[in-house]
Amino acid sequence: MDENTNLLKNFIQRIIEEDISAGKNSGRVVTRFPPEPNGYLHIGHAKSICLNFGLARQYGGVTHLRFDDTNPEKEEVEYIESIKTDVKWLGFDWGDKMFFASDYFDKLYEYALVLIKKGLAYVDTLDAEKTREYRGTLTEPGKESPDRNRTVDENLELFEKMRNGDFKEGDCVLRAKIDMASPNLNMRDPVIYRIKFAHHHRTGDKWCIYPMYDYAHALSDAIEGITHSICTLEFEDHRPLYDWVVREADAPCRPQQIEFARLNLTYVVMSKRKLLRLVKEGYVSGWDDPRMPTISGLRRRGYTPEAIREFAARIGVAKADSTVDYALLEYCLREDLNRNADRRMVVLDPLKVIIRNYPENKTEWLDGENNPEQPDGGGSRKIPFSREIFIEREDFMIDPPKKYFRLSPGNEIRLKHAYYVKCVDYKTDGSGNVTEVICEYDPKSRGGWSEDGRKVKGTSHWVSAADAVECEVRLYSTLFIKPDPEEGGEFVHNINPSSLQIIEKALAEPSLAEARPGMRFQFLRQGYFCPDSLDSRDGRLVFNRTVTLKDTWGKISSRN
RNA sequence: UGCCCGAUAGUGUAACGGUAACACUCAUGAUUCUGGAUCAUGUUUUGGGGGUUCAAAUCCUCCUCGGGCAGCCA
């Protein structure tokens, strides 16, 4: 369903198809997903993952998972596992094609030698500040470093010393010799190796020089035989350098870099830095907080991989910066959950109802269809009914506005799967709050329908007071109050103070006692919920609200 | 005021020289044992000016607006 085969083609598919029909790369398609293991994956990465793996799948190719671990100071092993988990969870398989840029450190070093020998790279002793000065500005050309014209032998010797640890960090770097006057700053003799006496998670202390992204990434692609190297727009200006590197280093193949616009979503911040801040400053409980747009957060929230893949397919791929409406993500989610989540009844804000003509001490077990969207109704479960039940407080009004179909004095509604009940009385406390509603039921309406075909407009969910199971319910809404969290300059000022509302004692129908993490439910008339993977366990049920149901009445009533 | 990229309903994305469409959102109605789902209907679109052409969202040109780039980050 989430295959984009019947969808219209995007510009990348068009490029690939042209390449295939032109016989380029012998018609092979090899893509890659190249995360840096320095953070958690988020929905924006999901777009890239679906794109890369989706393209390969569509054109009979393969996708490599390659960790871009060229900066030992920023990267950690713990992220590698989380990234693998997330990619797998999304439904993609890299087979035996998992690599690390660090796998190629030896080869990369050899390529550097090639460049030096061709007179296309040199060791520069300018310090970082001088290097910046010499680079020039956006409007002025740069100046050549005094070291730029060292002999090949000198460079070879110096680079060797760099590798051997004869210099301190910052003493010198290896630079590509391209053009200090280029209007593209990336071409002004970019640094390709720097000294770092840092322990690398895979190569240990073998190296004290580490390659820079532009150099390592291009050559890693080439080494792996990547045909289409798909990345985001900010690397567009790097493409000439990418091409220069693979060409001048005499790499075994020439992958093609293609850039697309990264995902932006309303009500969401996506940058690693900002997400980190949300975690570090305690605005959320962690990377997997159900309000986070991380894959782990979405997973814990109850999102399905299918919904995310469908979303990725629907948003398309283009080169124009854009911000997708969060409503589309929720639409994809509901579409999936509506089809697949079993229905249950849970009362979040209980109001007691006494059915005064129903026998005391009687309990009957009624059938409740699990999912009306399934051909056989998805099977059914038993629901106990008795004289004393709870309904949602907002499902009763003493003095209802017009078009209010729920319970009110004299009005009849249906209790889902049970009986028709009519409100005959109610009780209030000293301040006028309703404490109890008295109803009479129609015994002939068992199962929730009657032979006379009488119109009963409203249907409420309910739980039997004596049989209800207590649970905690966490109601989540958007983390930000503004569609553009950046509005006003500081995103933390737009944090939604009620993005999490905890209901400590909601009342659930007894079948929910069996709910376990990994299951997903629709709580009738409320939304979709799932047991929290961390906090829900036997004897202490905790549900996260994944997404609300569309709420037409809420819209009408709040509009007055 | 350097270089690169972009601009199509409210939001995304299509149409690739032949007369603008799909989805989401929004609105209205039908239907419904979930005010859900489903079904039907509707509002709204090519940033601006020139040019090429029988014909331009598509090609050319100028402008405007938006984004990216001056890490020994990726």
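Protein chains get the first letters and strands the later ones, always in sequence-line order, with residue 1 at the start of each.
Not a single donor-acceptor pair, N or O on each side, falls under 3.5 Å between the base of B/G36 and the side chain of A/R334.
B/G18: Watson-Crick or G-U partner is B/C54, with both key distances under 3.5 Å. As the counterpart of B/G42, B/C26 is assigned, both hydrogen-bonding distances of the Watson-Crick or G-U wobble pattern falling under 3.5 Å. Pair assignment for B/U31: none, as no Watson-Crick or G-U wobble contacts are both less than 3.5 Å. The partner of B/C3, taking Watson-Crick or G-U wobble pairs whose two distances both stay under 3.5 Å, is B/G68. Within the shown strands, nothing qualifies as a pairing partner of B/U8 under the Watson-Crick or G-U definition with both distances less than 3.5 Å. The nucleotide B/C73 finds no pairing partner, because no Watson-Crick or G-U wobble arrangement with both distances shorter than 3.5 Å includes it.
Contacts of A/K550 with the nucleic acid, taken as non-hydrogen atoms under 4.0 Å apart, involve only primed sugar atoms and P, OP1 or OP2. Within 4.0 Å (heavy atoms only), A/R343 reaches at least one base atom of the nucleic acid. Base engagement by A/L126 is indicated by at least one non-hydrogen atom pair under 4.0 Å involving a base atom. Residue-level contact check: A/H461 touches neither bases nor backbone, having no heavy atom under 4.0 Å from any strand. Counting any heavy atom pair closer than 4.0 Å across all strands shown, A/T70 reaches sugar-phosphate atoms only and no base atom. Using a 4.0 Å heavy-atom distance criterion, A/K457 is classed as a base contact. Contact annotation for A/P141: no contact, since no heavy-atom pair falls under 4.0 Å across all strands. In this structure, A/T459 reaches the sugar-phosphate backbone alone: every heavy-atom distance under 4.0 Å involves primed, P, OP1 or OP2 atoms, never a base. Across all strands, A/H217 comes closer than 4.0 Å to no nucleic acid atom at all (heavy-atom distances). Contacts of A/V317 with the nucleic acid, taken as non-hydrogen atoms under 4.0 Å apart, involve only primed sugar atoms and P, OP1 or OP2. Residue A/F235 is in base contact, counting any heavy-atom pair closer than 4.0 Å across all strands shown. As judged by a 4.0 angstrom heavy-atom cut-off over every strand, A/Y134 is placed among residues making no nucleic acid contact.
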Under a 4.0 Å heavy-atom criterion, the protein footprint on nucleotides 38-44 of chain B, written with B, S and -, is -------
Whether each nucleotide of nucleotides 5-12 of chain B has a protein heavy atom under 4.0 Å at its base (B), only at its sugar-phosphate (S) or at neither (-) is summarised, 5' to 3', as SSS---SS
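When rounded to the nearest whole Å, the span between CG of A/L275 and P of B/A74 equals 20 Å. One can place CZ of A/R520 at 24 Å from P of B/G36, the figure rounded to the nearest angstrom. Atom CD in A/E129 sits about 17 Å away from atom P in B/A70, given to the nearest Å.
Base orientation at B/G71 is syn, since its O4'-C1' glycosidic dihedral falls within 90° of 0.
For CZ of A/R520, the number of neighbouring non-hydrogen atoms (other residues, nucleotides, ligands) closer than 6.0 Å is greater than 12. For A/K422, the NZ atom sits in a loose shell: 12 or fewer heavy atoms of surrounding residues, nucleotides or ligands are nearer than 6.0 Å.
Nearest nucleotide to the side chain of A/D237, out of B/G36, B/C72, B/C4: B/C4. Of the candidates B/U25, B/C69, B/A74, B/C69 carries the atom nearest the A/L138 side chain, counting heavy atoms from C-beta on. Considering only the side chain of A/Q522, B/U34 comes nearest among B/C72, B/U34, B/G2.
Salt bridge annotation for A/D221-A/R66: present, with a cationic side-chain nitrogen under 4.0 angstrom from a carboxylate oxygen. Salt-bridge check for A/R163 with A/E160: passed, with a basic side-chain N closer than 4.0 Å to an acidic carboxylate O. Taking 4.0 Å as the cut-off between side-chain N and carboxylate O, A/D189 and A/K177 do not count as a salt-bridged pair.
Taking the centre of each ring, A/F99 and A/F67 stay at or above the 6.0 Å mark.
By the 5.5 Å and 30° criteria, A/W553 is stacked with the base of B/G35.
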Please evaluate residues A/S182 and A/N184 with respect to the criterion side-chain hydrogen bond (donor to acceptor under 3.5 Å, both in side chains), reporting the C-alpha separation (whole Å), side-chain torsions for both, the decisive distance (0.1 Å), and the verdict. CA-CA 5 Å; A/S182 172; A/N184 181 346; 5.5 Å; no
Report the C-alpha distance between A/K319 and A/E259 in whole Å, list the side-chain angles of each, state the deciding distance to 0.1 Å, and finish with yes or no for salt bridge (Lys or Arg N to Asp or Glu O under 4.0 Å). CA-CA 7 Å; A/K319 293 197 68 166; A/E259 312 84 13; 3.8 Å; yes
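Put simply, A/K196 has a side-chain N or O that comes within less than 4.0 Å of OP1 or OP2 on B/C73. In this model, the phosphate group of B/C73 is approached by a side-chain N or O of A/R194 to a distance below 4.0 Å at OP1 or OP2. The shortest distance between the side-chain N/O atoms of A/R339 and the OP1/OP2 oxygens of B/A37 is not below 4.0 Å. The side chain of A/K555 places an N or O atom within less than 4.0 Å of a non-bridging phosphate oxygen (OP1 or OP2) of B/C26. Residue A/R135 places at least one side-chain N or O closer than 4.0 Å to OP1 or OP2 of B/C72. The phosphate of B/G36 has OP1 or OP2 within less than 4.0 Å of a side-chain N or O from A/T552.
For the ring pair (Phe, Tyr, Trp, His ring centres under 6.0 Å) condition, the pairs that include at least one residue of residues 169-197 of chain A, sequence neighbours left out, are A/F159-A/Y193, A/Y193-A/Y215.
Sequence order on RNA chain B of the closest nucleotides to A/R14 and A/D214 puts A/R14 first from the 5' end. If you find the closest nucleotide of RNA chain B to A/K403 and to A/L185, the one lying nearer the 5' end belongs to A/K403.
Using bins of under 30°, 30° to 60° and over 60° for the plane-to-plane angle, the ring pair A/Y419/A/Y441 lands in the perpendicular bin.
Counting heavy atoms from C-beta on, the side chains of A/R175 and A/R148 never come closer than 4.5 Å. The shortest distance between side-chain heavy atoms of A/T232 and A/F260 falls below 4.5 Å.
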